[in-house]
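Keep in mind that what you see is a predicted model, and the values were worked out from it rather than measured. Quick note on labels: first sequence line is chain A, next is B, and so on, each numbered from 1.
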Protein chains: 2
Amino acid sequence: MTEHRQATVFDVAKEAGVSTATVSNVLNRRNVPLTEETIRKVEEAAAKLGYRRNVMAASLSRRRTYEFGLLLPGFGGYYGLFAQQMERTAHAYGYHLSVFSTDLDSQIEKRLLEKLLERRVDGLFCHGLAMSHDSVRRMVGDGTPILFFNCWNELKELAIGTVNLNVYQACVDAVLHLRAQGCRSFYYYGHRRAHATDEQRKAGFREGLRLLGDTYPFDMIDAGDIAPEKLPGWLAERSEGTEPAGVICFDDWKAFVCMNRLIEQGYPVPDRFKIVGINNEFIAEHSYPGMTTFNIPYEHQADISFRWMLTHLGEQAKLKTKGDAQPVRLPEPGGEVKIPLALVERLSSAKRN
Amino acid sequence: MTEHRQATVFDVAKEAGVSTATVSNVLNRRNVPLTEETIRKVEEAAAKLGYRRNVMAASLSRRRTYEFGLLLPGFGGYYGLFAQQMERTAHAYGYHLSVFSTDLDSQIEKRLLEKLLERRVDGLFCHGLAMSHDSVRRMVGDGTPILFFNCWNELKELAIGTVNLNVYQACVDAVLHLRAQGCRSFYYYGHRRAHATDEQRKAGFREGLRLLGDTYPFDMIDAGDIAPEKLPGWLAERSEGTEPAGVICFDDWKAFVCMNRLIEQGYPVPDRFKIVGINNEFIAEHSYPGMTTFNIPYEHQADISFRWMLTHLGEQAKLKTKGDAQPVRLPEPGGEVKIPLALVERLSSAKRN
DNA sequence: TTGTACGCGTTATCAG
DNA sequence: CTGATAACGCGTACAA
């Protein structure tokens, strides 16, 4: 509490009897030659004074912050886990990550983006931007590189790249899986507020049905258009005579709502309805019945993103390939990487026995 | 991409035909008197050049970062929601919040704490420190104020204050509630890895039983000591003859596991077992049966914390009381605020009908 | 191998 | 009301 100005390189230099440049050299372990003796002296002095470098001064001087920004709609479920992994990966590459939640409000999003740029972040990761093309373009007019997640619209062109979960393929797979499990009609329970990522699912859902020869009844419904309690009735009514019916849900949370309301109203899962979610969250594994879903390779997703960003920044040095990871081939700037999701089979879509 | 050095106050000053000092004055809306004309000129110039102030330079000069750090064990469930609210509140008070996840690893925690101090954060919020007293004391030897969440041990003395969820009282209430619903034996399903906050629950659980006259059978079990599949057997065995039995769980996730395994193995909830969780998460509301739990007043919790921190920093100015919020009386430095949790009754603890 | 001196972009302090 | 100018703490050519 002793308003004791923090020690600076200058203090350390004086204490060690060397110059500030030497202190900086020692502490940053660079390629300049240094005497063992000098190193020891400096390190001792630093430890003694409790020296801690000032990131702001360093960043200012170096014209590089080693900070990235991450914009998310929120921290619940998938996003929380995603943020946690991104942070881990950021630290592994020696970066700081500032995570902001937009609450799906484009005003807030705009302000946060501005904040991030004021901090001179070296790069930006954005997940689910709600704001306009122009707005983004203007803000990023300077050279701050952006990388998008789950973006399928024209905003992609502003980015150095886009990393998309392949939910389209997941939904195709889901339809085929449900058919294989015996389903004779198919439904998609969506979440329109999620915009493009919901569209992708729908497209995959339709493609799956096409692959089945367009011979099965199907329909789609949005969470915004029906109260959870009404969902079972809606599903039961139109699937009558084509049981069992398969329901593909936007994500595990929607699947959870769907499944529990069905059970509550006396429709057995998986006998009458089979359910598939996406995300493989805690609830999918521990619910009863266990929930069939798709696993998201968070670590891979994050690693790809950082490699891409760092490559763009010319940070070859930091890209020490961890032995096991195959040196991923990144697409051209502005391209897209599709992350495949893996089906996790559980009881909610089991065959009738 | 035109490596166009960002515009600086200097550029704006030149463009507007004034000095850098004037630019700074205009852009920071301070108390110095300014001509309308000057203001207009500066603002126009700034807009034209796309000027964006450099936070690092400002912080360096001002010797104040307007940044807080938040250390969490992770982003899942409660922590994710908590982080989101803390960030919202931080922005509302004009601060930046750097959120880090320690993954419950004290090595990582140490490194992150160091990082935060290197950034010269104005204050630190820590939720669930696993590291040692000494370690913290040394790192915080300088005057960075710390505020703890859910801390009941001697570390409290290092902090300017502690904000604790009153899980003790919640567990007392839970026991009484379960008794009122007809339970004749009581069990606590804990999570030892959570240290102190688990102990608090246990203490509350015992106190509840004491209030009931210590006349009912009870027992405690830890998630670390029993596989989920074994839990129903364990509970059934010792509650035989004292049905219905009440199970108080560490949180909604544990409650979820418990409830679903019970149902899976044919024990009806709430008829044979009644379940209570803590947190009132998404799953509590949407599971079937709906889960009785305790609601956490995130916003209140965050607001108290920031008021406390800002008061400590002498930021009276920013503490514009939002009309509705009663001006909370903060305890003395080093004291503790207990946040009460509110019981949310649902089907999982309903009376036998 | 080490030291000097300047740049980084703002804010604060005065004197005008 | 406005303008020089000195911090702020660190990185880094370049000179020694």
To the nearest 0.5 Å, tell me how far [X] [atom1] sits from [Y] [atom2].
| X | Y | atom1 | atom2 | result |
| --- | --- | --- | --- | --- |
| A:Met86 | A:Leu81 | CE | CG | 13.5 Å |
| A:Leu113 | A:Ile108 | CG | CD1 | 13.5 Å |
| A:Leu112 | A:Glu114 | CG | CD | 10.5 Å |

Value in whole Å for how far the [atom2] atom of [N] lies from [atom1] of [X]:
| X | N | atom1 | atom2 | value |
| --- | --- | --- | --- | --- |
| B:Arg63 | D:dC8 | CZ | C1' | 7 Å |
| B:Asp11 | C:dG9 | CG | C1' | 10 Å |
| B:Arg52 | C:dT10 | CZ | C1' | 17 Å |
| A:Lys41 | C:dT1 | NZ | C1' | 12 Å |
| A:Glu36 | C:dT2 | CD | P | 11 Å |
| B:Lys14 | C:dG9 | NZ | C1' | 14 Å |
| B:Arg120 | D:dC10 | CZ | C1' | 11 Å |
| A:Tyr66 | D:dG11 | OH | P | 11 Å |

Counting side-chain heavy atoms from CB outward, which of [options] is closest to [X]?
| X | options | result |
| --- | --- | --- |
| B:Ala57 | D:dC10, C:dT13, C:dT10 | C:dT10 |
| B:Asn28 | D:dG9, D:dG11, C:dT11 | C:dT11 |
| A:Asn54 | C:dT2, D:dC10, D:dA4 | D:dC10 |

Problem - For B:Arg40, salt bridge (Lys or Arg N to Asp or Glu O under 4.0 Å) partners two or more places apart - result: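 Partners of B:Arg40 by the salt bridge (Lys or Arg N to Asp or Glu O under 4.0 Å) criterion, ordered by chain and then number, come out as B:Glu37, B:Glu44.
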Sugar-phosphate only, base, or nothing, as touched by [X] at under 4.0 Å among non-hydrogen atoms:
| X | value |
| --- | --- |
| B:Thr38 | sugar-phosphate |
| B:Arg64 | nothing |
| A:Val23 | nothing |

Practice task
Ignoring hydrogens and angles, state whether a donor on the side chain of B:Thr89 or B:Gln85 is under 3.5 Å from an acceptor on the partner side chain.
Solution key: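 The criterion, which ignores hydrogens and geometry beyond distance, is satisfied for B:Gln85 and B:Thr89.
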Practice task
Indicate whether the side chain of B:Gln84 and that of A:Asp103 have a donor and an acceptor atom separated by less than 3.5 Å.
Solution key: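 Side chains of B:Gln84 and A:Asp103: pair found under 3.5 Å.
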Practice task
Would you work out how much the helix from C:dT1-D:dA16 to C:dG16-D:dC1 bends between its ends, with each end axis defined by five base pairs, to 10 degrees?
Solution key: 40°
Practice task
Please confirm whether any donor atom in the side chain of A:Ser61 sits under 3.5 Å from an acceptor in the base of D:dC10, or the reverse.
Solution key: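 Such a pair exists between side chain and base.
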Practice task
Name the residue closer to the 5' end of DNA chain D, choosing between A:Val9 and B:Gly17 according to the nucleotide with the nearest heavy atom.
Solution key: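 Per heavy-atom nearest nucleotide, the more 5' residue is B:Gly17.
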Exercise for the section: With DNA chain D as reference, determine whether B:Thr35 or A:Met56 sits nearer its 5' end, using the nearest nucleotide of each. Expected result: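 The residue closer to the strand's 5' end, by nearest nucleotide, is B:Thr35.
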Problem - C:dG3 phosphate, OP1 or OP2, under 4.0 Å from A:Thr22 side-chain N/O - result: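 It does, given that an N or O in the side chain of A:Thr22 lies less than 4.0 Å from OP1 or OP2 of C:dG3.
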Problem - Ring-face cation contact, A:Tyr51 with A:Arg53, 6.0 Å cut, 45° max - result: no
